[in-house]
> 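Quick one: structure below, then a few questions.
The figures here come from the full heavy-atom set of this structure, side chains too, leaving out hydrogens, waters and symmetry mates. Sequence lines set the chain letters: A, B, ... in the order given, protein chains first and strands last, and positions in each chain run from 1.
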Number of protein chains: 2
Amino acid sequence: MFTELFRHIEEKTALTEADKRGIPNFFVPKRLRKKQFLLQEGEYCRSLAFVARGLLKSYTLDGGGQEHISLFAWEGWWVSDFKSFLFDEKAILSIDALEQSEVLLIDRPNYERLLVEVPAMERYFRILYQNSLVTKDRRLIVSNTYSAREKYVQLITTYPQIAQRVPQHLLASFLGLTPETVSRIKKDIREEA
Amino acid sequence: MFTELFRHIEEKTALTEADKRGIPNFFVPKRLRKKQFLLQEGEYCRSLAFVARGLLKSYTLDGGGQEHISLFAWEGWWVSDFKSFLFDEKAILSIDALEQSEVLLIDRPNYERLLVEVPAMERYFRILYQNSLVTKDRRLIVSNTYSAREKYVQLITTYPQIAQRVPQHLLASFLGLTPETVSRIKKDIREEA
DNA sequence: CCCCTGCATTGATGTGGATCAGGAAGCATT
DNA sequence: AATGCTTCCTGATCCACATCAATGCAGGGG
């Protein structure tokens, strides 16, 4: 279960053998079956989750109970309600599994200890967050300058695999569009070719 | 010039006197007058900028030459085209000063050296980025679930000072709305009271 | 003092994408 | 084979916000 995590860390910074022996002690593995919740809106988010296998979605519910997906997390991604985790607030996000999944959980005390006791992890998270900021910045720009069609095209060219793993109406939700709109966009593209 | 930076760092993590003597050597101060560019689209972004005094805006230009503001940066904020800075790509953002400003610049080699030589700074940036992610996440949710009016209200309640410092059509751009729409929203709110 | 440029306001009109409604195909459960 | 659930498609209508256009006003430079 930790090989995926180590691979992910070592893409960013070096780990000693001692690091590798120590790190697993900070985490708790967990299996999730399809549709099982990792977090529900209103709870307190007690841990960060690293996805070792599978696929989860993270989303808010609006007034009418409609899902608005903010993230798909598959192998190599972290998920949580970050604000709830860091500041002990109630979560506004729900997270559940789209496929049977395996995650590694780290709670707040272990997270803080890990950062202090293993400097490589402080560095890893700095780089991880740094890169995440780059992609969030891009997503924000896309979200308020692109048309519905441009958003859709941008998504499937950036993550070509995603359409195979995620049903279309969930892609629509992620893009802030309705399923009808995405269906029509696909049709238009089809008919042009 | 560095007192603002130290204040900002020490909100997040402790600095020794040795740290404080060392840190200024990694930065170059720069003054900007109103409308002066810190970065133009198409250039390579060579440094991160910490705003010690003043106010800058960071924006993209769309096909029709229209500005889409992605960030206002005032005292205590960092600005850059992060993707360009980190990955040596051409910048898609332009950054210029809305008020006469003073910034502290750190280039890539100094940034990397600083992170390694001053562990407190590795920690500072990890926490800075961690917090930025929380606010970007929130902005993304707002951006594709809120109505124009909700976006406006959310902005001025979160940053009440902003309407005093930033002209209204730039707020509109930041929110992804037209100036006309913002004007009408203000009118509606006025008339309700 | 006047003209120019930039900003805010207001009204009229247009439109991208939402909403509402219906239906068909695939798949799992019984 | 029947039942229901999920996913996707298509058409008709609607609406929030953009676009287009005109006006007023403030500040700044000659």
Side-chain angles (χ1 to χ4, degrees), chain A residues 33-36 55 57 59-69 72 96-100 142-156 162-193, chain B residues 33-35 55 57 59-69 72 96-100 141-156 162-193:
Chain A
R33 55 184 63 194
K34 249 184 151 172
K35 302 202 175 178
Q36 188 178 345
L55 175 62
K57 69 182 200 289
Y59 57 96
T60 54
L61 295 172
D62 68 15
Q66 273 288 318
E67 277 185 25
H68 293 270
I69 296 178
F72 294 109
D96 62 28
L98 289 173
E99 300 173 2
Q100 181 175 317
V142 166
S143 155
N144 48 43
T145 66
Y146 282 28
S147 68
R149 172 166 177 165
E150 288 167 332
K151 288 176 194 174
Y152 176 78
V153 170
Q154 203 265 354
L155 179 66
I156 58 166
I162 206 173
Q164 270 67 65
R165 268 180 107 166
V166 177
Q168 193 167 301
H169 69 285
L170 296 183
L171 291 187
S173 167
F174 177 74
L175 291 169
L177 305 173
T178 57
E180 293 94 328
T181 297
V182 170
S183 176
R184 282 186 255 264
I185 288 168
K186 277 183 57 183
K187 188 188 178 189
D188 291 348
I189 292 174
R190 227 182 297 131
E191 287 176 358
E192 280 169 17
Chain B
R33 55 184 63 192
K34 249 181 152 177
K35 302 200 177 180
L55 175 61
K57 69 180 199 290
Y59 56 96
T60 54
L61 295 172
D62 67 17
Q66 273 289 316
E67 276 184 25
H68 292 270
I69 296 178
F72 295 110
D96 63 27
L98 289 174
E99 301 173 2
Q100 182 174 317
I141 291 171
V142 166
S143 154
N144 48 42
T145 66
Y146 282 28
S147 68
R149 173 165 176 167
E150 287 168 331
K151 288 177 194 173
Y152 176 78
V153 170
Q154 202 267 354
L155 179 65
I156 58 165
I162 207 173
Q164 271 67 64
R165 272 181 104 166
V166 177
Q168 192 167 304
H169 69 285
L170 296 183
L171 289 188
S173 167
F174 177 74
L175 291 169
L177 305 173
T178 57
E180 293 94 328
T181 298
V182 170
S183 177
R184 282 186 255 265
I185 288 168
K186 278 183 57 184
K187 188 188 178 192
D188 290 348
I189 292 174
R190 227 182 297 130
E191 288 176 357
E192 279 169 17

> Please state how far atom CG in B/D188 lies from atom C1' in D/dC17, giving the value in whole angstrom units.
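These atoms are roughly 12 Å apart.
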> Tell me whether the OP1 or OP2 atom of C/dA18 has a side-chain N or O from A/T181 closer than 4.0 Å.
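Checking C/dA18 against A/T181, a side-chain N or O does come within under 4.0 Å of OP1 or OP2.
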> Can you tell if the side chain of A/K151 reaches within under 4.5 Å of the side chain of A/Q154, non-hydrogen atoms only?
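Heavy-atom side-chain distance check fails, nothing below 4.5 Å.
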> Using side chain to side chain contact (heavy atoms under 4.5 Å, CB included) as the criterion, point out the one residue from B/K34, B/K57, B/K35 that pairs with B/L98.
B/K57
> For B/K186 and C/dC7, is the shortest distance between a side-chain N/O and OP1 or OP2 below 4.0 Å?
no
> Could you tell me how far apart A/Q66 (CD) and C/dA18 (P) are, to the nearest whole angstrom?
11 Å
> Write down the atom of A/G176, the atom of B/N144, and the distance for their closest heavy-atom approach.
CA-CB, 4.3 Å
> So which heavy atom on B/I69 is nearest to which on B/Y59, and how close?
CA-CB, 3.7 Å
> Using a strict heavy-atom distance below 4.0 Å, which residues from residues 148-156 of chain B are in contact with DNA chain C?
none
> If I take atom CG in residue B/D62 and atom P in nucleotide D/dA18, what distance separates them, rounded to the nearest angstrom?
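The answer, rounded to whole Å, is 13 Å.
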> Specify the closest pair of heavy atoms between A/F72 and A/L170, including all atoms of both residues, with the distance to one decimal.
CZ-O, 3.6 Å
> What pairs of nitrogen or oxygen atoms, one from the protein and one from nucleotides 13-15 of chain C, lie under 3.5 Å apart?
none

> How many whole angstroms separate atom CG of B/L175 from atom P of D/dA18?
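The distance from CG of B/L175 to P of D/dA18 comes to 10 Å, rounded to the nearest Å.
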> Is any side-chain nitrogen or oxygen of A/S183 closer than 4.0 Å to OP1 or OP2 of D/dC8?
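No, outside the criterion.
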> Identify, between A/E180 and A/Y146, the residue whose nearest nucleotide on DNA chain C lies closer to the 5' end.
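Nearest-nucleotide comparison on DNA chain C picks A/Y146.
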> Where do B/P167 and B/R165 come nearest, in terms of heavy atoms and distance?
CD-O, 4.0 Å
> Side chains of A/D62 and A/H68: closer than 4.5 Å at any heavy-atom pair?
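Yes, their side chains come closer than 4.5 Å.
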> Measure from the side-chain heavy atoms of A/R190 and tell me the nearest of C/dG11, D/dC9, D/dG11.
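Of C/dG11, D/dC9, D/dG11, D/dC9 is nearest to the side chain of A/R190.
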> For the side chain of B/L177, starting at C-beta, report the closest nucleotide among D/dC9, D/dC20, D/dA18.
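Among the listed nucleotides, the one closest to the side chain of B/L177 is D/dA18.
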> With a cut-off of less than 4.0 Å, is there a side-chain N or O of B/T178 near OP1 or OP2 of D/dA18?
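Yes, because at least one side-chain N or O of B/T178 sits under 4.0 Å from OP1 or OP2 of D/dA18.
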> So does B/R184 reach the base of D/dT19 with its side chain, donor to acceptor, closer than 3.5 Å?
yes
> How far apart are the closest heavy atoms of A/A172 and A/V182, and which atoms are they?
CB-CG2, 3.5 Å
> Please enumerate all protein N or O atoms sitting under 3.5 Å from an N or O of nucleotides 4-7 of chain D, with distances to 0.1 Å.
residue : atom : partner : partner atom : Å
D/dT7   : OP2  : A/H169  : NE2          : 3.2

> Does any non-hydrogen side-chain atom of B/L155 lie less than 4.5 Å from one of B/F174?
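Counting from C-beta outward, B/F174 and B/L155 do come under 4.5 Å.
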> Under the rule for salt bridge (Lys or Arg N to Asp or Glu O under 4.0 Å), what residues qualify as partners of B/R149, not counting sequence neighbours?
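Scan of B/R149 (salt bridge (Lys or Arg N to Asp or Glu O under 4.0 Å), adjacent residues dropped) gives B/E192.
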> So, does A/S183 use its side chain to make a donor-acceptor pair with the main chain of A/P179 at under 3.5 Å?
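Flag not set: sc A/S183 to bb A/P179 has no pair under 3.5 Å.
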> So does A/D188 get a backbone contact from the side chain of A/E191, meaning a donor-acceptor N/O pair under 3.5 Å?
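Here the side-chain-to-backbone pair does not exist.
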> Atom pairs under 3.5 Å, N or O on each side, protein against nucleotides 24-29 of chain D: can you list them with distances?
none

> Does anything in residues 168-177 of chain B pair up under side-chain hydrogen bond (donor to acceptor under 3.5 Å, both in side chains), and if so which pairs, sequence neighbours excluded?
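Applying side-chain hydrogen bond (donor to acceptor under 3.5 Å, both in side chains) to every pair that reaches into residues 168-177 of chain B, excluding sequence neighbours, yields B/Q168-B/K186.
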